[in-house]
Engineer: 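Handing you a structure now.
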There are 2 protein chains.
Amino acid sequence: MGELDETDRRILELLAADARRPYSDIADEVGLSAPAVSDRVTALEESGVVERFTVDLDRSQLREGAHVLVTLSVPPGNVDDVRAAVEGADAVEHVFVTADGDVLCTARLAAADVRAWVTDTVGTDAITDFDVTLLAASAWRPSVGGAEFAMACDECGNTVTSEGETARVGGDRYHFCCSSCEAAFRERYERHDAEA
Amino acid sequence: MGELDETDRRILELLAADARRPYSDIADEVGLSAPAVSDRVTALEESGVVERFTVDLDRSQLREGAHVLVTLSVPPGNVDDVRAAVEGADAVEHVFVTADGDVLCTARLAAADVRAWVTDTVGTDAITDFDVTLLAASAWRPSVGGAEFAMACDECGNTVTSEGETARVGGDRYHFCCSSCEAAFRERYERHDAEA
DNA sequence: AATGAAAGGATTAAGCC
DNA sequence: GGCTTAATCCTTTCATT
């Protein structure tokens, strides 16, 4: 998929607000026909921009356990293993891996049981330390991001034009308006990495 | 809505995997007719268990900025204000409020700009400190939770029967199999609160 | 990307247990 | 109350331009 145009963004925004909204409805909003919207959504799915259509649940009504944030300190070599273990665990909702290799996750657990859960899930050998925080609230906003963020340089925030570049840093795509921003970003990333 | 039965859970799980899946398809899976599924989904929406149908996007393909985790240290009185400010901010994806009153959020920002973003969004007066971590990866699993978590006591993990109780602790609903578990949980919560 | 026809899904209403 | 079936209406898909 080359570039997302303004219409793609509006379609994504409408789907983020209501993923079951008929394409014919969306077509009216964006000034296209229903088949045209359907084609664009298919393309967005195939390119991986759309990962899945899903449902946002109020999990506090599901009696699934207390909501906790678990911070795992992980030695550099174990990050991928720990991440995989956590992502495969049943009670886990979110997983974040920081640039310096810590793994954070949120999960629904019995609060008295977290130590056992960590031991069972990742094992104590794979991590150097862990910390658990009880969460009182959480929210998730499926926004697409305003146009002002559409092409912002990941270093300086200026608009990325066709002169800009996209580069991989630590396995993830980032976008820069110029090569000096890329260099500055990369240096910061590597410094973080070295400290870890 | 009284109780979610096993069928409701399976419907939610199927919708979490594909929110655009036809109700007639789902009906086949769970052994009901399409109107019956539609009625259940409507009830789930009305009771607030289903907050919205939405789309999970690969935001790294949207050129929306670097993914950062911002941890805000917030004085007790300001938690609600800071939370509201962060939840209203355009670049924010997730917001977590810990039981001891810190506010964490993930956002897509230009990495060089985070200080300015925090100042603009929450103001420096409302917080005592903040910390920014670059995120290398993140994942979100819209799972409904297995039956084993369906009625787990939030303190001990045992099954909550009809003898159990639901109580509010710090504004959130929790479920307990007995009153001593509730007391233990509440005491832990209040100790955390006092330390903050 | 639009159109129109055909196929498929959602919703309604009536009736059952 | 919650379910089913059948009819209607709406949405999606496909072939064509």
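Below, chains carry the letters A, B, ... as their sequence lines are ordered, and counting in each starts from 1. FYI, side chains are in, hydrogens and waters are out, and symmetry mates aren't considered; it's all heavy atoms of this structure.
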Engineer: State whether B/Y23 and A/R20 meet the cation-pi test: NZ (Lys) or CZ (Arg) under 6.0 Å from the six-membered ring centroid, and within 45° of the perpendicular axis.
Structural biologist: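 Yes, a cation-pi geometry holds between A/R20 and B/Y23.
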Engineer: If an axis is fit to five pairs at each end of the helix from C/dA1-D/dT17 to C/dC17-D/dG1, what is the angle between the two, to the nearest 10°?
Structural biologist: 30°
Engineer: Applying side chain to side chain donor-acceptor pair (under 3.5 Å), can you list everything that pairs with A/E29, at least two apart in sequence or on another chain?
Structural biologist: A/R21
Engineer: Where does the angle between the aromatic ring planes of B/W140 and A/H94 fall among parallel (under 30°), tilted (30 to 60°) and perpendicular (over 60°)?
Structural biologist: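 Answer is parallel, since the angle falls under 30°.
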Engineer: Within the 4.0 Å limit for protein heavy atoms, which parts of nucleotides 10-17 of chain D are touched? Write it as a string from 5' to 3', B for base, S for sugar-phosphate only, - for none.
Structural biologist: -SSBB---
Engineer: Any donor-acceptor pair under 3.5 Å linking the side chain of B/T106 with the backbone of B/V68?
Structural biologist: no
Engineer: Reading DNA chain C from 5' to 3', where do the contacts with chain B start and stop? Cut-off is 4.0 Å to heavy atoms.
Structural biologist: C/dG9 to C/dT12
Engineer: Just to verify, what does B/D56 make a side chain to side chain donor-acceptor pair (under 3.5 Å) with, not counting sequence neighbours?
Structural biologist: A/R52
Engineer: What are the two closest heavy atoms between A/V55 and B/A19, and how far apart are they?
Structural biologist: N-CB, 4.5 Å
Engineer: Checking A/E51 now: which residues fulfil salt bridge (Lys or Arg N to Asp or Glu O under 4.0 Å) with it, not counting sequence neighbours?
Structural biologist: none
Engineer: Under a 4.0 Å N-O cut-off, is there an ion pair linking B/R40 with B/D5?
Structural biologist: yes
Engineer: Considering all heavy atoms of both residues, which atom of B/L109 and which atom of B/A91 are nearest to each other, and what is their separation?
Structural biologist: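 What the structure gives for the nearest pair is CD2-CB, 3.8 Å.
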Engineer: Closest approach of A/A107 and A/V92, non-hydrogen atoms and distance?
Structural biologist: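 In this case the closest contact between A/A107 and A/V92 is CB-CA, 4.0 Å.
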